[in-house]
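Heavy-atom basis, side chains included; hydrogens, waters and symmetry copies ignored.
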Amino acid sequence: MRLRQLSRGTLAVGAALLLSLPAQAQTSADWAAYDEVFESGAQHAQWWDAGWTGIYAASLAFDAYQASEANDPDDRFDARVGVVKSALALGGMLTDRQPHQAALVEYERLKAQGELSGVQALGLQLAQAERERRGFEARVSSLVVNTVAGAVIAADGRERDGAINFATGMLINELQIWTQPNQASSAINRFQPARVSLGPITLEGEYALMVSPQQIGATWRY
């Protein structure tokens, strides 16, 4: 196993150690901690899905009304652009649900069978999904839609309104991204006490699993 020095008293540990540490640090008495991660994550996801779906549905209805009933022609034009944006956002909410509800169902199955290692792997997968939903790729579609919408309004002779539309859309998307559940990421990236034996050598310290959109690693400190 290859170890790379990070700083004094801190080591980045390879994948084999990453998988073995949780089994040494956790016991069956710690199911309550897993309950909190998966159950609170699923509840947060349920409220998040319902909240943002409702917001975009209300925005779609309002824009649709304004598109035909607004007194100002510019407001009607902007509302038509808003209808497209709201419809796309609502469609995204309906087709790309948070993974936490499915993870809770799988967790309960694994817990009933006492498969602690399976629960740990599931937690890593959920944390990875949470990080990916906060990564750059999660912003690409919003960037494209808001750029096109802003450009359409600017092409109508209102550059300032186009810029405001773009900035507002990106701000709302950021708010949507950062209000997503992240219970698994928070729990995994927390240092926990652990003891690791490498042949005749025993190390006592703390570890944390670090999950990012690009990689999964572990940090060990003593």
Side-chain angles (χ1 to χ4, degrees), residues 12-23 25-26 30-57 88-146 169-192 194 207-220:
V13 186
L17 186 56
L18 181 156
L19 296 176
S20 65
L21 275 174
Q26 301 290 341
D30 295 315
W31 284 111
Y34 291 108
D35 289 342
E36 173 65 20
V37 170
F38 287 98
E39 291 175 3
S40 63
Q43 185 179 41
H44 185 165
Q46 184 177 13
W47 283 105
W48 186 90
D49 282 332
W52 283 101
T53 299
I55 288 172
Y56 289 128
L88 290 173
L90 181 59
M93 289 299 306
L94 295 175
T95 57
D96 184 24
R97 311 299 272 184
Q98 291 285 339
H100 297 75
Q101 293 289 345
L104 177 60
V105 173
E106 178 65 10
Y107 165 69
E108 291 175 344
R109 184 189 70 82
L110 293 170
K111 180 181 178 182
Q113 298 176 357
E115 297 184 14
L116 183 58
S117 60
V119 168
Q120 292 161 352
L122 179 64
L124 283 174
Q125 293 172 8
L126 185 59
Q128 178 73 0
E130 290 176 351
R131 293 300 182 89
E132 289 175 351
R133 296 178 77 92
R134 281 175 162 79
F136 175 75
E137 292 183 2
R139 295 168 169 83
V140 171
S141 60
S142 177
L143 179 62
V144 171
V145 170
N146 286 298
M170 293 303 297
L171 180 62
I172 292 173
N173 185 66
E174 282 298 307
L175 183 61
Q176 177 184 341
I177 287 174
W178 287 103
T179 54
Q180 293 180 111
N182 68 336
Q183 284 80 358
S185 300
S186 297
I188 286 176
N189 293 346
R190 189 180 303 139
F191 278 95
Q192 300 288 344
Y207 78 94
L209 303 180
M210 303 301 177
V211 183
S212 70
Q214 291 77 30
Q215 61 183 354
I216 298 178
T219 297
W220 168 265

For Q180 and Q98, test the side chains for any donor-to-acceptor distance below 3.5 angstrom and give the result as yes or no. yes
Measure across A42 and L104 and return the closest heavy-atom pair with its distance rounded to 0.1 Å. CB-CD2, 3.6 Å
Could you check whether any side-chain N or O of E115 sits under 3.5 Å from a backbone N or O of L110, counting only pairs where one atom can act as donor and the other as acceptor? no
Under the ring pair (Phe, Tyr, Trp, His ring centres under 6.0 Å) rule, what pairs show up with a residue in residues 88-112, not counting sequence neighbours? F38-Y107
Evaluate the side-chain proximity of K111 to L116: yes if any heavy-atom separation is below 4.5 Å, no if none is. no
Residue pairs, two or more places apart or on separate chains, that pass salt bridge (Lys or Arg N to Asp or Glu O under 4.0 Å) and touch residues 135-146: R139-E174
Rounded distance (nearest 0.5 Å) linking atom CG of D35 with atom OG of S40: 10.0 Å
When rounded to the nearest 0.5 Å, the distance separating CE of M93 from CG of L88 is 14.0 Å
Will you find, in the side chains of S142 and N146, an N or O donor that is under 3.5 Å from an N or O acceptor? yes
Audit row: D96, R133, side-chain contact (heavy atoms from CB on, under 4.5 Å) steps and yes/no: CA-CA 11 Å; D96 184 24; R133 296 178 77 92; 3.3 Å; yes
Side-chain (R131) to main-chain (A127) donor-acceptor, under 3.5 angstrom: no
Listed by chain and number, what are the side-chain contact (heavy atoms from CB on, under 4.5 Å) partners of Q46, not counting sequence neighbours? Q101
Rounded to the nearest 0.5 Å, the CZ atom of R134 sits from the OG atom of S185 at a distance of 7.0 Å
Please round to the nearest 0.5 Å and tell me the distance separating atom NE2 of H44 and atom CG of D49. 9.5 Å
Of all heavy-atom pairs between V37 and A184, which one has the smallest distance, and what is that distance? CG1-CA, 3.8 Å
State, to 0.1 Å, how close T53 and L94 come at their nearest heavy-atom pair, and which atoms those are. CG2-CD2, 4.1 Å
Shortest non-hydrogen contact from P99 to L126? CG-CD1, 3.9 Å
Check whether any side-chain heavy atom of W52 sits under 4.5 Å from a side-chain heavy atom of I172, and report yes or no. yes
Do E106 and R109 sit within salt-bridge range, that is, some charged N less than 4.0 Å from a carboxylate O? yes
Do other residues, nucleotides or ligands put more than 12 heavy atoms under 6.0 Å from E39 CD? yes
